[in-house]
Asks: 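Have a look at this one before I ask anything.
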Amino acid sequence: MSTKAVRAAGLKLRALAPRDLAEVIAIDAALSGRTRGAYFERRLAAAQRRPELHAQLAVDEDGALAGFVLARMMQGEFGRTEPALRLEVIGVKRAAQSRGLGAALGAALEADARRRGVRELRTAAVWRHHAMLKFLDAQGWALGRNFVLECTLADSPLGSAGEAPVGAPQRERAPADRNDYGAAAPNDFETLARDTAEVRSLAASDADDIARIDRRVTGRERRAYIEARLEEALMDAALRLSLVARLEGTAAGFLMASADYGDFGRAEPAAIIDTVGVDPNFARRGVGRAMLSQFFFNLGALGIERVETVVGPGNPDLFGFLDAAGFRPGERLAFVKRLP
């Protein structure tokens with residue numbers, strides 16, 4: 001919908017503001033059948049802290065909030081090389097639907113992306129959510145090439161009381177593929193995967209080590225992305241679940257993840273793995289497996305039962321690693337819209 005058409009329809013597009021919180025929660029509750037106040041409160045607060053990482057827009061009709069959209073900058077998640085805006089939530093009150101408000105919000109989000117120099121929008125939707133699929137189709141979105149994988153803790157061999165012991169890590173091996181995050185070793189003695197490395201929560205002092213590992217794995221300098229995610233981990237421990245693994249006195253790998261309490265219409269909390277990196281010098285030493293084991297163990301203590309991540313095509317080693325950990329294709333489909 002063009003700016004002229006928006007004005008002709010009596011609509012006003014603007015930035016979402018803290019004063020809108022109660023109405024946003026009410027609109028979402030009417031649409032979803034549940035109240036997600038804490039989720040929206042956290043999202044709005046995060047946008048106030050780091051506005052450059054968020055796009056949160058509103059549409060008013062007759063002077064009252066009638067719809068909203070929340071999106072977030074993707075800088076390095078899921079192995080990305082180019083920035084994108086990730087559409088997380090869009091909602092229009094029932095009484096205002098079928099009048100083009102959703103299209104107006106979508107156009108405003110695209111304009112915001114262009115101002116940031118971003119030429120790609122991404123999102124995910126459950127294949128059974130026919131209304132959302134119809135909306136995305138009408139707005140020119142296409143099915144993405146990425147795969148959304150998920151795992152329930154009950155289906156994973158890692159992190160539970162019944163986790164099988166693994167063998168001692170082999171220390172004398174030739175350098176392996178940098179994407180092989182973990183491999184089984186001979187069962188020389190009983191130990192859990194998370195015990196094969198020192199795994200703990202990320203700290204501010206880990207920034208240099210994480211940036212070094214990420215640079216070795218990706219071949220790119222992504223310091224800004226790493227620092228932004230680390231800042232989130234330290235600012236809101238309830239949302240970030242990131243870990244670092246150490247072997248032989250040095251950082252050998254890291255896992256960046258967050259607890260998601262509402263993105264893409266989720267009804268139950270889920271943990272989202274953004275990035276996993278293992279120093280190539282420590283490949284095939286079980287570092288990735290150790291981090292996942294500790295990660296799943298931590299989630300069990302928090303009452304979070306499901307984990308999700310996104311994997312691009314052409315990465316069979318990562319697919320194999322995640323498959324061995326219990327990940328399978330989920331009900332969500334990845335969508336993309338490239339902007340001219």
Side-chain angles (χ1 to χ4, degrees), residues 1-73 84-116 118 120-126 128-141 261-267 335-337 339-340:
M1 181 179 285
S2 66
T3 302
K4 184 177 181 180
V6 168
R7 291 174 179 170
L11 306 177
K12 178 184 177 182
L13 291 163
R14 59 176 176 83
L16 202 64
R19 68 177 183 275
D20 298 313
L21 178 60
E23 189 62 26
V24 166
I25 295 172
I27 292 173
D28 179 73
L31 296 174
S32 66
R34 61 188 183 280
T35 300
R36 300 187 294 170
Y39 164 72
F40 286 106
E41 186 175 0
R42 282 193 295 266
R43 278 294 186 262
L44 287 168
Q48 293 294 308
R49 293 195 304 265
R50 296 293 299 272
E52 74 277 11
L53 298 180
H54 298 265
Q56 299 185 347
L57 306 172
V59 59
D60 291 338
E61 186 177 44
D62 298 328
L65 181 71
F68 63 91
V69 60
L70 273 63
R72 180 189 178 92
M73 282 292 295
L85 264 181
R86 182 176 66 185
L87 170 61
E88 296 179 327
V89 185
I90 185 168
V92 174
K93 64 171 54 177
R94 293 194 185 280
Q97 290 181 0
S98 301
R99 296 209 292 268
L101 276 70
L105 286 168
L109 186 63
E110 292 176 23
D112 187 281
R114 292 188 183 95
R115 283 193 295 270
R116 298 168 184 258
V118 173
E120 188 174 276
L121 303 180
R122 289 193 169 265
T123 194
V126 175
R128 291 191 179 93
H129 194 170
H130 301 148
M132 176 57 74
L133 298 183
K134 184 178 180 180
F135 171 78
L136 294 174
D137 181 44
Q139 297 305 306
W141 290 72
Y261 289 88
D263 286 358
F264 313 120
R266 290 185 179 91
F335 291 90
V336 61
K337 184 172 185 179
L339 307 179

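Source: prediction; values computed, not measured. We number each residue from 1, following the sequence as shown.
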Asks: Answer yes or no: is there a side-chain heavy-atom contact under 4.5 Å between Gln97 and Leu31?
Replies: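 Contact flag for Gln97/Leu31 side chains = yes.
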Asks: Does Arg36 use its side chain to pair, donor to acceptor, with the backbone of Asp28 at less than 3.5 Å?
Replies: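 Answer holds: no.
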Asks: What's the shortest heavy-atom distance between Val92 and Ile27, and which atoms?
Replies: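 The pair with the smallest heavy-atom distance is C-CG2, 4.1 Å.
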Asks: Could you tell me whether the side chain of Leu87 reaches within less than 4.5 Å of the side chain of Leu121, counting heavy atoms only?
Replies: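 They are not in contact (no side-chain heavy atoms under 4.5 Å apart), so the answer is no.
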Asks: Please check if the side chain of Thr35 supplies one atom and the backbone of Gly37 the other of a donor-acceptor pair under 3.5 Å.
Replies: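 The answer is no, because no donor-acceptor pair under 3.5 Å joins these two groups.
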Asks: Less than 4.5 Å apart, side chain to side chain, heavy atoms only: is that true for Arg99 and Glu61?
Replies: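 When only atoms from C-beta onward are counted, Glu61 and Arg99 do touch, with a gap below 4.5 Å.
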Asks: Could you give the distance from CH2 (Trp141) to CZ (Arg122), rounded to the nearest 0.5 Å?
Replies: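 Between Trp141 CH2 and Arg122 CZ, I get 9.0 Å after rounding to 0.5 Å.
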Asks: Are Met73 and Arg50 packed together at the side-chain level, in the sense that at least one heavy-atom pair is separated by less than 4.5 angstrom?
Replies: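 No, every pair of side-chain atoms sits at 4.5 Å or beyond.
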Asks: Restricting to non-hydrogen atoms, name the atom on Ala58 and the atom on Leu105 that form the minimum distance, rounded to 0.1 Å.
Replies: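 Answer, listing the atom of Ala58 first, then Leu105: C-CD2, 3.9 Å.
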Asks: Is there a side-chain contact between Leu16 and Arg43 in this structure, where contact means two heavy atoms from C-beta onward sitting under 4.5 Å apart?
Replies: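 Counting from C-beta outward, Leu16 and Arg43 never come under 4.5 Å.
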Asks: How long is the span from the CD atom in Gln56 to the CG atom in Asp20, to the nearest 0.5 Å?
Replies: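 Here the interatomic distance stands at 10.0 Å.
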Asks: How close do Asp112 and Ala55 get, counting heavy atoms only, and between which atoms?
Replies: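 Asp112 and Ala55 have their closest heavy atoms at OD1-CB, 3.7 Å.
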Asks: Side chains of Leu70 and His54, heavy atoms from C-beta outward: is any pair under 4.5 Å?
Replies: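 When only atoms from C-beta onward are counted, His54 and Leu70 do not touch, as no gap falls below 4.5 Å.
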Asks: State, to 0.1 Å, how close Pro340 and Arg114 come at their nearest heavy-atom pair, and which atoms those are.
Replies: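 Of all heavy-atom pairs spanning Pro340 and Arg114, the closest is CD-NH2, 3.6 Å.
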Asks: Any Lys/Arg nitrogen of Lys337 or Glu110 sitting under 4.0 Å from an Asp/Glu carboxylate oxygen of the other?
Replies: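 Result for this pair is yes, salt bridge flagged.
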Asks: If you look at every heavy atom in Ala71 and Leu109, which pair is closest and at what distance?
Replies: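 Looking at all heavy atoms of both residues, the shortest contact is CB-CD1, 3.7 Å.
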Asks: Work out which heavy atom in Leu13 is nearest to a heavy atom in Ala104; give both atom names and the distance.
Replies: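 That closest heavy-atom pairing would be CD1-O, 3.9 Å.
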Asks: Please determine if Lys134 and Asp137 form a salt bridge, counting it only when a charged side-chain N lies under 4.0 Å from a carboxylate O.
Replies: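 Answer for the salt bridge query: no.
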Asks: Side-chain contact, heavy-atom cut-off 4.5 Å: Ile90 with Met132?
Replies: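 Touching, per the 4.5 Å side-chain cut-off.
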Asks: Please check if the side chain of Arg86 supplies one atom and the backbone of Ala124 the other of a donor-acceptor pair under 3.5 Å.
Replies: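 Here the side-chain-to-backbone pair does not exist.
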Asks: With a 4.5 Å limit on heavy-atom distance, are the side chains of Phe335 and Gln139 in contact?
Replies: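 They are not in contact (no side-chain heavy atoms under 4.5 Å apart), so the answer is no.
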